Amino acid sequence: MAELLERTAGRVIVLDPAGRVLLFEGIDPGLQDGPRFWFTPGGGCEPGESIEAAARRELVEETGLRPIELHGPVLERRAEFEFDGGLLRQYEQFFVARVAADELGIVNEGFTDLERRSILGHRWWGVAELRSSGVEVYPEQLPDLVERLVAEVPC
């Protein structure tokens, strides 16, 4: 049986002026030829770190965006999934950030070894593209959420 790891994570829905969302393409490095999926920047809390602080730290590490205003949380969820040979039970809070696309400085220098093995790339997605693409996206309700946030959170 896979080892269970429980953690709390902060994630960020990054939106550009055109209303597109920044997503990372990933794989489970524990599965040979496993499915690809798309997800928001973010990650687990360090000991004593707030969820918002973790979201902000992870955003800097994964995208180079700093300092940045976060709004929210705009979504909370619990997820349980297998990843890298273990079972992860995760409580997540999602925040939103509006940025200019040219502010992005994604380099993998801030990536952990696990991120280097599991993140294949990144791209900006429009809501219509996400809905019609057939790709696996987390959280599943992201297209609806992005559509709402584009209208609610100022640039």
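Nothing here was measured: the structure is a model prediction, and the numbers come from that model.
Side-chain atoms of E76 and Y91 form a donor-acceptor pair, as typed in the model, at a separation below 3.5 Å.
Between E92 atom CD and R78 atom CZ the span is 10.5 Å, to the nearest 0.5 Å. D113 contributes atom CG, which lies 9.0 Å from atom OG of S118 (distance to the nearest 0.5 angstrom). With values rounded to the nearest 0.5 angstrom, L88 atom CG is found 11.0 Å from E3 atom CD. Atoms CG and CD, from L31 and E82 in turn, are 7.5 Å apart once rounded to the nearest 0.5 Å.
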Given salt bridge (charged side-chain N to carboxylate O under 4.0 Å, His left out), test R123 with E129 step by step and report yes or no. CA-CA 12 Å; R123 69 168 278 205; E129 270 186 301; 2.5 Å; yes

Take V14 and L59 through the test side chain to side chain contact (heavy atoms under 4.5 Å, CB included) and record every step on the way to the result. CA-CA 9 Å; V14 181; L59 187 63; 3.7 Å; yes

Could you give me the CA-CA distance, side-chain angles and deciding distance for F95 and I51, then say whether side chain to side chain contact (heavy atoms under 4.5 Å, CB included) is met? CA-CA 10 Å; F95 298 85; I51 299 173; 4.0 Å; yes

Between L15 and L149, is a side chain to side chain contact (heavy atoms under 4.5 Å, CB included) present by the stated rule, with each step listed? CA-CA 9 Å; L15 302 175; L149 292 171; 4.0 Å; yes

Check step by step if side chain to side chain contact (heavy atoms under 4.5 Å, CB included) holds for R56 and E61. CA-CA 9 Å; R56 188 178 308 283; E61 291 172 1; over 6 Å; no

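Hydrophobic clustering (ILVMFWY, side-chain heavy atoms < 4.5 Å, transitive): V21 and W124 are in distinct clusters. Under a hydrophobic clustering in which Ile, Leu, Val, Met, Phe, Trp and Tyr are joined whenever their side-chain heavy atoms come within less than 4.5 Å, directly or via other members, L130 and V153 fall into the same cluster. Neither F94 nor L65 shares a network with the other; the hydrophobic side chains, linked directly or stepwise wherever heavy atoms of I, L, V, M, F, W or Y lie under 4.5 Å apart, form separate groups for each. A continuous path of Ile, Leu, Val, Met, Phe, Trp and Tyr side chains, each step under 4.5 Å between heavy atoms, connects L70 with L22, placing both in one hydrophobic cluster. Grouping the Ile, Leu, Val, Met, Phe, Trp and Tyr side chains by contacts below 4.5 angstrom, directly or via other members, places V127 with I13.
In this structure, the side chains of P35 and E136 come closer than 4.5 Å at one or more pairs of heavy atoms. Side-chain contact between F81 and D28 is absent, with no heavy atoms from C-beta onward closer than 4.5 Å. Looking only at side-chain heavy atoms (C-beta outward), R89 and L5 stay at 4.5 Å or farther from each other. Residues W125 and R20 are not in side-chain contact: their nearest non-hydrogen atoms beyond the backbone lie 4.5 Å or more apart. Between Y138 and W38 the shortest side-chain heavy-atom distance does not fall below 4.5 Å. Looking at P29 and F83, their side chains come closer than 4.5 Å, going by heavy atoms from C-beta outward. At least one side-chain heavy atom of L75 sits less than 4.5 Å from a side-chain heavy atom of Q141.
Using the six-membered ring where Trp is involved, F39 and F37 have ring planes that are tilted, between 30° and 60° apart.
Between E62 and R11, none of the side-chain N atoms (NZ, or NE/NH1/NH2) sits under 4.0 Å from a carboxylate O, so this pair counts as no salt bridge. Salt-bridge formation is not detected for the pair R148/D144: no Lys NZ or Arg NE/NH1/NH2 atom is positioned less than 4.0 Å from an Asp or Glu carboxylate oxygen. Looking at R57 and E52, no side-chain N of the basic residue comes within less than 4.0 Å of a carboxylate O on the acidic one, giving no salt bridge. Look at R131 and E147 and you find a salt bridge, because one of the NZ, NE, NH1 or NH2 atoms lies within 4.0 Å of a carboxylate O, short of that distance. A salt bridge does not link R98 with D16: none of the charged nitrogens is closer than 4.0 Å to a carboxylate oxygen.
The one candidate from T63, L120, T40 that meets the side-chain contact (heavy atoms from CB on, under 4.5 Å) condition with F24 is T63.
The two residues V146 and G19 come nearest to each other via the heavy atoms CG1-O, 3.8 Å. Closest non-hydrogen pair, G44 versus A54, comes out as O-CB, 4.1 Å.
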